[in-house]
Q: 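A single structure is presented below for examination.
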Amino acid sequence: MASQTQVIINLCFWALLFVMAQGGYAGEVVEYPALTRCRAHTASVTDFGAVGDGKTSNTKAFQAAVAHLAQYSSDGGSLLYVPAGRWLTGPFNLTSAFTLFLHRDAVILASQDINEWRVIDPLPSYGRGRDKAGGRYTSLIMGTNLTDVILTGDNGTIDGQGEFWWQKFHKNQLKYTRGYLVELMYTDQILISNLTFLNSTNWNIHPVYSSNIIVKGITILAPVHSPNTDGINPDSCSNVLIENNYIVSGDDCIAIKSGWDEYGIAFGMPSEHIVIKRLTCISPTSAAIAVGSEMSGGVRNVRAEDITAINTESGVRLKTAIGRGNYIKDIYVRGMNLNTMKWVFWMTGNYKSHPDGKFDPKAIPEVNGISYSNVVAQNVTMAGRLDGIENAPFKGICLSNVTVHMAMKAKKLSWECTNIEGVSKGVSPRPCDALEVQSGRDELTACPFPPERLPIEDIEFKQCSYST
Ligand SMILES: *[C@@H]1O[C@H](CO)[C@@H](O)[C@H](O)[C@H]1NC(C)=O
Ligand SMILES: *[C@@H]1O[C@H](CO)[C@@H](O)[C@H](O)[C@H]1NC(C)=O
Ligand SMILES: *[C@@H]1O[C@H](CO)[C@@H](O)[C@H](O)[C@H]1NC(C)=O
Ligand SMILES: *[C@@H]1O[C@H](CO)[C@@H](O)[C@H](O)[C@H]1NC(C)=O
Ligand SMILES: *[C@@H]1O[C@H](CO)[C@@H](O)[C@H](O)[C@H]1NC(C)=O
Ligand SMILES: *[C@@H]1O[C@H](CO)[C@@H](O)[C@H](O)[C@H]1NC(C)=O
Ligand SMILES: *[C@@H]1O[C@H](CO)[C@@H](O)[C@H](O)[C@H]1NC(C)=O
């Protein structure tokens with residue numbers, strides 16, 4: 001009997017100690033995912049003097065924290081914790097084998113002191129900034145030549161405070177191209193998950209010349225008329241998985257790119273092996289997913305599945321032009337549920353933006369093998385507008401199992417097609433003649449979608465934890 005009482009008392013003692021360690025003394029237990037290994041070293045941004053009052057500049061604290069943790073890149077890796085608070089900061093760089101973790105009530109606020117935004121070289125595959133010729137402002141959170149970089153949290157927020165930049169952009173008061181919220185260049189193994197991105201200065205998430213990238217479970221919010229607030233833009237990237245994301249933006253929710261005209265052709269790095277699943281998009285003036293317009297390194301093997309778009313201009317849109325060169329091929333789309341769209345299908349071979357007058361008029365992009373199946377759309381102004389390039393038609397376009405319900409105020413003409421070739425099966429309303437209607441046995445064969453998964457779809461995360 002006595003020993004039983006002893007055991008119970010002992011248990012109570014240890015249970016109490018455990019509860020105190022979790023809650024009272026050591027703080028919260030934070031669970032975080034890892035791609036390769038749990039981080040051996042951790043620090044809080046407050047260890048470097050950061051103040052979360054929304055007013056104090058923490059640029060030096062973030063920079064000092066990363067500089068300190070960089071020593072662990074080849075020694076177990078590190079995690080930088082951002083606790084609850086409003087952390088104003090200018091741009092800072094990341095390091096390898098590094099996790100940035102934001103508490104659910106942590107908000108990183110982008111500085112509005114333009115002197116904090118250094119000017120860096122344009123991307124080699126673009127030759128110039130997109131807003132302005134010449135260099136460009138650095139991105140808020142930037143990484144170059146890294147491996148194993150994770151931005152995650154418990155749905156903490158990264159707020160670009162974009163209004164400041166949008167107004168200057170509209171008034172033509174900026175000397176350089178606006179920076180992005182996150183840019184990772186030449187980086188292998190990237191995970192961005194469980195965060196909210198607000199009011200970006202320009203594009204939200206820009207991996208470029210990078211590989212093995214997962215963007216999962218994030219929310220991106222920007223006013224639907226804010227300039228160039230694209231959601232996620234893989235640019236000359238390979239092996240990319242973008243899944244379970246919710247995006248409201250003033251530009252394309254996702255845009256797949258690979259450099260601009262002669263600069264992109266010379267750089268020669270395609271975007272390939274890209275999977276997009278379970279995207280929800282609202283973007284009244286742009287596409288749920290755009291391929292291009294800058295695609296001069298080529299874009300191939302893109303699979304988009306379970307796409308929901310509401311009040312969005314178009315579904316999966318192709319944008320290219322003479323001078324871009326290279327190709328857009330093997331684009332597979334399966335399962336789109338769309339409501340209130342201007343065009344369900346939209347392809348443009350005459351998207352006229354060029355970096356300068358030096359583009360090669362003989363650099364004609366090849367567009368081939370574009371499949372869409374299982375599409376339902378409501379309240380649509382025009383079902384499809386498919387315009388290829390004269391003497392270089394877009395080929396291998398396939399549409400199957402498509403039901404488009406036109407809006408009350410729809411255009412009289414549901415489809416308009418020029419310079420395209422392809423087939424259609426089970427499409428309503430009846431498509432343009434260029435999409436030869438297949439009937440009989442062929443009608444039962446859906447447009448192609450590769451049966452095998454890509455390796456990036458089967459990555460399993462390690463579950464790690466630490467006490468704050
Ligand atoms: C961040 O990295 C970029 C590219 O390597 C570099 O130009 C810039 O000076 C770095 N910024 C800081 C604040 O260290
Ligand atoms: C990153 O790597 C590229 C390609 O290897 C190289 O040209 C560039 O100088 C490197 N940049 C930095 C900042 O290390
Ligand atoms: C994350 O926060 C955003 C913005 O407050 C919210 O819309 C979204 O639903 C949240 N996501 C999760 C998974 O809680
Ligand atoms: C985002 O920016 C818009 C326009 O300036 C502003 O109205 C809105 O409050 C901002 N959102 C947040 C959550 O700060
Ligand atoms: C995202 O958050 C959910 C819910 O908190 C968690 O179960 C999951 O492991 C997280 N995933 C990633 C990849 O961060
Ligand atoms: C249909 O689309 C129009 C805009 O084209 C919009 O004003 C209207 O609210 C939509 N109706 C429904 C039922 O979604
Ligand atoms: C056609 O598409 C609908 C909805 O998009 C889907 O439910 C249905 O299973 C598809 N039919 C075939 C034969 O794949």
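Ligands are counted one by one from 1 in listed order, and the atoms in each one are counted from 1 as well. Please read all numbers here as calculations on a predicted model, not as lab measurements.
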Q: Check this for me - ligand 2, Asn145, N or O atoms closer than 3.5 angstrom, yes or no?
A: yes
Q: For the pair Asp148 and Arg39, find out whether any cationic side-chain nitrogen is under 4.0 Å from an anionic carboxylate oxygen.
A: yes
Q: Report the residue from Ile232, Asn244, Ile289 that forms a side chain to side chain contact (heavy atoms under 4.5 Å, CB included) with Leu279.
A: Ile289
Q: Mind checking whether Trp87 and Phe62 have ring centres under 6.0 Å apart?
A: no
Q: Hey, does Thr381 come in under 3.5 Å of ligand 6, counting only N/O atoms on both sides?
A: no
Q: Can you confirm whether the side chains of Arg317 and Thr348 place a donor and an acceptor under 3.5 Å from each other?
A: yes
Q: Which of the numbered atoms in ligand 6 are under 4.0 angstrom from any heavy atom belonging to Asn379?
A: 1 (C), 2 (O), 3 (C), 8 (C), 10 (C), 11 (N), 12 (C), 14 (O)
Q: Quick one: does Asn58's side chain have a donor or acceptor within less than 3.5 Å of a partner on Leu88's backbone?
A: yes
Q: Any protein N or O within less than 3.5 Å of an N or O in ligand 7? List each pair with its distance, or say none.
A:
unit_1	atom_1	unit_2	atom_2	d
ligand 7	2 (O)	Asn401	ND2	2.4
ligand 7	5 (O)	Asn374	O	3.4
ligand 7	11 (N)	Asn401	ND2	2.8

Q: For Lys277, does the NZ atom sit with more than 12 other heavy atoms under 6.0 Å from it, leaving out its own atoms?
A: yes
Q: For Asn233, which residues count as a side chain to side chain donor-acceptor pair (under 3.5 Å) partner, sequence neighbours excluded?
A: Asp230
Q: Tell me which one of Ile205, Val182, Ile190 satisfies side chain to side chain contact (heavy atoms under 4.5 Å, CB included) with Leu151.
A: Val182
Q: For Thr340, take its heavy atoms, then give the atoms of ligand 6 lying under 4.0 Å from any of them.
A: 1 (C), 2 (O), 10 (C), 14 (O)
